[in-house]
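This report concerns only the one structure given below.
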Amino acid sequence: MTDTASSNQSAPPLPPLPQLLTGQTALITGANSGIGEAVALAMGQAGANVAINYVAGDDAAQAVADKIAALGVKAKIYKADVSDETQVQAMFAAAIADFSTVDILVANAGLQRDAAFTSMTLAQWNTVLSVNLTGQFLCAREAVKEFLRRGVVASVSRSAGKIICMSSVHQQIPWGGHVNYATSKGGIKLMMESLAQELAPQRIRVNAIGPGAIRTPINTSAWDTQDAYDKLMTLVPYGRIGEPEDIGHVAAWLASDHADYVVGATLFVDGGMTLYPGFATNG
Ligand code: NAD
């Protein structure tokens, strides 16, 4: 195990991204925090213009836009609740007006409302399903309409558009105490695969990323003390927590033509969390 793992230090930065996405526009939901912010930055580093969705926190969103604009691409913020159909439609209309089209959607916005099952309220259930699952449906639908309207522009990309659904290892690993969240991620899996199957003939690529434990505000209690971190590491064969950048770089690659033949796949970016580490020493 590395020093990074045992001391809970951030992993060193990844190597710079090549210009994989020049001339494309990426819309990232929930992009003023955590994984979404890192995905937005990675898209900008890869040469894409970036539309930054957020629901609260204008300053944080503008700070992300400023960082991306400093890379020499365009970046703009769009306030919208992804679970609200009217707001999602207005956001896509505005982004398409500003950037002339959208080539990439990363449906990332998500939240948790955890509770033991018998204490879980209908509001907790509905909030998680509305944002995590319905939000991805609403954003994907607007993105696909735009991809179909524009079609393939060969000088920009081999495909008419790319959607990346931010799922989780919990589309596969059941998670007691988080039934609403795991249900939303399991739903994303089959929504993504069904969309991928339906839209591949139109040259639209739909895929998902399944992050493991990533150091963001959504799961602070899993890594903010040494005890919690050590316990978490029993679930991660690679021996370190994921950094948001680990997801950002994979998203930039998955959206690029380097991944042109990747259709309907969930790429787990989890340090091996889905490898059933409890069986590593004979179960
Ligand atoms: P985060 O809390 O830092 O980011 C979530 C983002 O979603 C925030 O910007 C939040 O404002 C936004 N959001 C919430 N509700 C919204 C709404 N109604 N409309 C628009 N935006 C909204 O957490 P994160 O870890 O960066 O999570 C990002 C995604 O990654 C989520 O889908 C989460 O389920 C997934 N994920 C995270 C981890 C992890 O370990 N951090 C692991 C697996 C999956």
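Just so you know, residue 1 is the first one in the sequence shown, and it goes up from there. Remember, predicted model here, so these are calculated numbers, not experimental data. All ligand and atom numbering here is 1-based and tracks the order in the structure.
- Annotation for A42 and G248: closest pair CB-O, 3.3 Å, computed over non-hydrogen atoms.
- Residue-level proximity to ligand 1 for N132 is absent, since no heavy atom of it falls below 4.0 angstrom.
- For atom 6 (C) of ligand 1, the closest non-hydrogen atom of the protein is G30 O, 3.7 Å.
- At under 3.5 Å, not a single nitrogen or oxygen of G36, backbone or side chain, sits near a nitrogen or oxygen of ligand 1.
- Closest non-hydrogen pair, M166 versus Q136, comes out as O-NE2, 3.2 Å.
- In this structure, F147 and V102 approach most closely via the heavy-atom pair CE2-O, 3.1 Å.
- Looking at atom 26 (O) of ligand 1, its nearest protein heavy atom turns out to be I35 N, 2.7 Å.
- Here the shortest heavy-atom pairing between M120 and R113 reads CE-O, 4.3 Å.
- When hydrogens are left out, the protein atom nearest atom 44 (C) of ligand 1 is S167 O, 3.1 Å; that is the closest non-hydrogen contact.
- Every atom of ligand 1 with a heavy atom of G110 under 4.0 Å away is listed here by number and element: 5 (C), 7 (O), 14 (C), 31 (C), 32 (O).
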Test I164 against L105 for side chain to side chain contact (heavy atoms under 4.5 Å, CB included), laying out the working first. CA-CA 6 Å; I164 298 173; L105 164 68; over 6 Å; no
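- Note: F279 and Y276 have perpendicular aromatic rings, judged against thresholds of 30 and 60 degrees for the angle between ring planes.
- Which parts of ligand 1 touch Y181 is read off a 4.0 Å heavy-atom cut-off, strictly below it: atoms 33 (C), 34 (O), 35 (C), 36 (N), 43 (C), 44 (C).
- When each atom of ligand 1 is checked for a heavy atom of N219 under 4.0 Å away, the hits are 39 (C), 40 (O), 41 (N).
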Carefully, step by step, assess R141 and E85 under the rule salt bridge (Lys or Arg N to Asp or Glu O under 4.0 Å). CA-CA 10 Å; R141 197 180 55 176; E85 183 175 34; 2.7 Å; yes
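- Given atom 13 (N) of ligand 1, the protein heavy atom at minimum distance is A109 CB, 3.9 Å.
- Here the protein heavy atom with the shortest distance to atom 32 (O) of ligand 1 is N108 O, 2.7 Å.
- The distance from ligand 1 to the heavy atoms of N53 drops below 4.0 Å at these ligand atoms: 20 (C), 21 (N).
- Residue-level proximity to ligand 1 for L111 is carried by the side chain, the only part with a heavy atom below 4.0 angstrom.
- Ligand 1 has at least one atom lying under 4.0 Å from a heavy atom of K185.
- By the 4.5 Å heavy-atom criterion applied to side chains, E146 and F92 are not counted as neighbours.
- Of the protein's non-hydrogen atoms, T216 OG1, 2.5 Å is the one closest to atom 25 (O) of ligand 1.
- Atoms of ligand 1 found under 4.0 Å from any heavy atom of G34, numbered from 1 in the order shown, are 3 (O), 26 (O).
- Nearest-heavy-atom check against atom 38 (C) of ligand 1 across A61, P217, A213, G212 picks out G212.
- The nearest protein atom to atom 43 (C) of ligand 1, hydrogens excluded, is given as P211 O, 3.4 Å; this is a heavy-atom distance.
- When each atom of ligand 1 is checked for a heavy atom of V131 under 4.0 Å away, the hits are 15 (N), 16 (C), 18 (N).
- Counting all heavy atoms, side chain and backbone alike, R150 lies closest to A160 at NH1-O, 2.9 Å.
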Quick one: do R215 and D224 satisfy salt bridge (Lys or Arg N to Asp or Glu O under 4.0 Å)? Show the steps, please. CA-CA 9 Å; R215 193 194 303 273; D224 69 342; over 6 Å; no
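- A side-chain hydrogen bond (donor to acceptor under 3.5 Å, both in side chains) with W223 is found for one member of N219, T225, T220 and no other, namely N219.
- Looking only at side-chain heavy atoms (C-beta outward), M43 and V106 come within less than 4.5 Å of each other.
- The distance from ligand 1 to the heavy atoms of D81 drops below 4.0 Å at these ligand atoms: 17 (C), 18 (N), 19 (N).
- The protein non-hydrogen atom at the shortest distance from atom 1 (P) of ligand 1 is S33 OG, 3.6 Å.
- Less than 4.0 angstrom separates some heavy atom of A80 from each of these atoms of ligand 1: 19 (N), 20 (C).
- A pairwise comparison of heavy atoms in A213 and I241 identifies O-CG1, 3.3 Å as the closest pair.
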